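Input: a single structure, listed below in structure tokens.
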There are 2 protein chains.
Amino acid sequence: MSPTKLLCALIPAFTLIGLGHLAPAQKSDAHLAAGQVMQRIIAATGATPPANTVDTLKAGDPNTIVTGIATTFMDTYAVLEKAVAGGKNLIITHEPTFYNHPDDLAPLASDPVQQQKLKYIQDHHLVVWRFHDTWHARRPDGILVGMVNQFGWGKYQSSSDPYRFILPAANVGQIAASLQARTGDRALRIVGDSSMTVTDVALMPGAAGADRQIKALEDDKVQLLVAGESREWETVPYVQDAAAQGRHKALILLGHVVSEEAGMDECARWVRTLFPDIPVTFIPAGEPFHTLPASSDRRR
Amino acid sequence: MSPTKLLCALIPAFTLIGLGHLAPAQKSDAHLAAGQVMQRIIAATGATPPANTVDTLKAGDPNTIVTGIATTFMDTYAVLEKAVAGGKNLIITHEPTFYNHPDDLAPLASDPVQQQKLKYIQDHHLVVWRFHDTWHARRPDGILVGMVNQFGWGKYQSSSDPYRFILPAANVGQIAASLQARTGDRALRIVGDSSMTVTDVALMPGAAGADRQIKALEDDKVQLLVAGESREWETVPYVQDAAAQGRHKALILLGHVVSEEAGMDECARWVRTLFPDIPVTFIPAGEPFHTLPASSDRRR
């Protein structure tokens with residue numbers, strides 16, 4: 001945080017009125033309510049949230065004056081603690097807070113983990129807002145922008161389809177190693193032949209679902225799909241079967257978090273431009289998995 | 001295959017009628033149709049398939065005379081090729097053939113991978129039957145029996161709840177390493193603190209779903225859940241949050257295949273006892289994932 005932004009965050013709103021002439025170029029945002037911030041962000045995307053969007057307020061009072069914004073892939077309990085420690089009270093999370101896609105509290109209403117998380121949010125007067133559908137619907141897709149930057153794939157991106165890339169010829173294992181080095185991925189998994197040379201790649205961060213993942217692989221030109229997660233009875237055996245049939249198809253699963261997290265770092269950069277007077281930080285949720293030292297592929 | 005079984009498999013049914021007096025203790029099964037075999041297996045489980053069971057005929061003619069049975073976790077294209085090479089024409093698969101849970105052919109009706117798989121099954125007169133719900137519903141759960149044997153956990157199994165175990169005190173990483181050594185798992189993933197000592201473990205092979213997985217973890221006594229797969233916005237962050245709140249909870253994800261495959265080896269052993277005159281073999285689908293040599297946890 002710059003000293004100027006820190007100052008703005010600390011000065012109460014009533015003082016700012018008197019200091020207005022010192023910052024003539026920008027009307028201060030330091031007194032905005034969470035609901036106003038959310039509305040401005042949605043408007044700035046230029047996208048219309050889909051019907052039944054999950055981009056709703058998940059907890060907290062939208063009238064809360066925003067002292068700071070934290071963006072994150074997922075507001076785990078540890079992320080919330082870091083937000084509080086950093087004085088951020090508006091949490092913008094890409095994925096659910098309460099362990100299911102619509103953040104339905106009912107299934108775990110009596111669960112102590114959910115109860116403690118909800119109490120923590122209430123006790124610290126946090127406002128939790130999900131920013132999933134609309135960030136993806138923005139053009140360009142905000143998550144995609146962050147991931148392409150992290151991968152260093154911008155120069156390979158198709159001009160007609162931003163989710164498609166023509167990479168310099170390399171085998172699947174080499175591409176996987178490059179992605180691992182770029183992201184720090186601990187639990188990257190490959191389906192298909194690691195030694196197969198590919199150039200045409202489709203990138204689908206997150207868990208797009210088998211329908212969309214297989215649709216991408218059905219394109220004759222696509223040799224490799226890079227995705228977040230996929231279930232072991234859907235896209236995974238589809239790729240195994242395609243490869244067994246002699247088709248040039250492979251799959252790299254980065255993990256859901258690793259495949260999208262840089263897209264919420266990008267979100268923080270973008271939100272900062274919308275609210276120059278509100279401190280905005282990206283808090284990594286971090287890959288949730290640890291692996292064993294000997295878990296490398298012993299059969300290769 | 002024993003010489004006796006091989007002989008029985010090769011002798012046509014009409015010859016067996018004349019040789020009936022040579023095998024007085026067991027009426028020959030060498031002329032059974034696939035539908036009869038399936039019925040006998042269901043009956044032998046003593047379990048009632050649930051309403052809307054997925055344990056249905058997926059492809060092929062149930063009147064086909066069974067020359068050999070192959071059990072498998074999942075009848076991938078490579079598994080089907082091995083079955084054909086080994087003369088097995090009844091495929092008993094635990095998981096789907098056609099890339100979705102109900103084996104609905106419609107979504108990929110025009111997909112070349114599905115079309116070629118279906119044609120391969122037809123061209124080789126295979127009969128594909130799914131044996132999922134009823135094998136789990138058998139008491140004891142057939143998948144669980146196979147996995148507990150593979151893990152060497154029989155002596156730790158609870159007498160009141162066969163999915164619960166009291167292990168000798170060890171930390172999560174040590175238990176994971178033991179499971180990795182027993183199964184050959186390449187892509188085992190740990191959520192939570194690998195150094196936490198645990199004794200009380202719940203085992204839920206496959207993808208039981210977040211409701212059941214979290215329900216198991218809600219039990220105060222359960223410190224570690226060992227499961228197949230779980231989505232990254234459900235049980236995974238639940239365990240992260242529980243751990244961040246200071247609760248003694250951890251999760252090991254073996255992968256779906258690794259967490260259930262030995263249960264279909266067990267199935268072959270059991271089916272063999274039902275049809276002594278039909279060759280029965282277990283064909284491993286094998287873990288679908290390869291990992292990178294450097295994918296071990298560099299942050300630890």
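Predicted model only: the values in this text are computed from it and were never measured. Below, chain A is the first sequence line, B the second, and so on; all start at residue 1. Because only heavy atoms are used, hydrogens play no part in the values below, and waters and symmetry mates are left out as well, while side chains stay in.
A/Asp123 CG: more than 12 foreign heavy atoms inside a 6.0 Å radius.
Considering B/Glu95, B/His256, B/Glu287, B/Glu260 in turn, B/His256 is the only one that fulfils the side chain to side chain contact (heavy atoms under 4.5 Å, CB included) rule with A/Glu232.
For A/Asn100, the part lying near chain B is the backbone, with the side chain staying farther off; criterion is any non-hydrogen pair under 4.5 Å. Neither the backbone nor the side chain of B/Leu80 has a heavy atom closer than 4.5 Å to any heavy atom of chain A. In this structure, chain A has a heavy atom under 4.5 Å from the side chain of B/Ala207, while its backbone stays farther away. Using a 4.5 Å cut-off between heavy atoms, B/Ser259 makes no contact with chain A at all. Of the two parts of A/Gln240, only the side chain, counted from C-beta on, holds a non-hydrogen atom closer than 4.5 Å to a non-hydrogen atom of chain B. For B/Val236, the part lying near chain A is the side chain, with the backbone staying farther off; criterion is any non-hydrogen pair under 4.5 Å.
The two residues A/Asp111 and B/Tyr238 come nearest to each other via the heavy atoms OD2-OH, 2.7 Å. Here the shortest heavy-atom pairing between A/Thr291 and B/Leu188 reads CG2-O, 3.8 Å. Residues B/Gln245 and A/Pro112 approach most closely at OE1-O, 4.1 Å, considering heavy atoms. Here the closest non-hydrogen pair linking A/Ala244 and B/Ala78 is CB-N, 4.2 Å.
Within residues 210-228 of chain B, the residues having any heavy atom under 4.5 Å from a heavy atom of chain A are, by residue number, B/Ile214, B/Glu218.
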(message) Let's go through A/Val113 and B/Val239 carefully: what are the C-alpha distance in whole Å and the side-chain angles of both, what is the deciding distance for side-chain contact (heavy atoms from CB on, under 4.5 Å) to 0.1 Å, and is it a yes or a no?
(response) CA-CA 9 Å; A/Val113 176; B/Val239 172; over 6 Å; no
(message) Could you go through B/Arg189 and A/Arg186, starting from their C-alpha distance and side-chain angles, then the distance that decides it, and tell me whether this counts as side-chain contact (heavy atoms from CB on, under 4.5 Å)?
(response) CA-CA 9 Å; B/Arg189 297 174 295 170; A/Arg186 294 190 289 258; over 6 Å; no
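Side chains of B/Val191 and A/Phe289 form a contact here, defined as non-hydrogen atoms less than 4.5 Å apart.
Between chain B and the options A/Arg231, A/Glu229, A/Lys117, A/Glu234, heavy-atom pairs under 4.5 Å are most frequent for A/Glu229.
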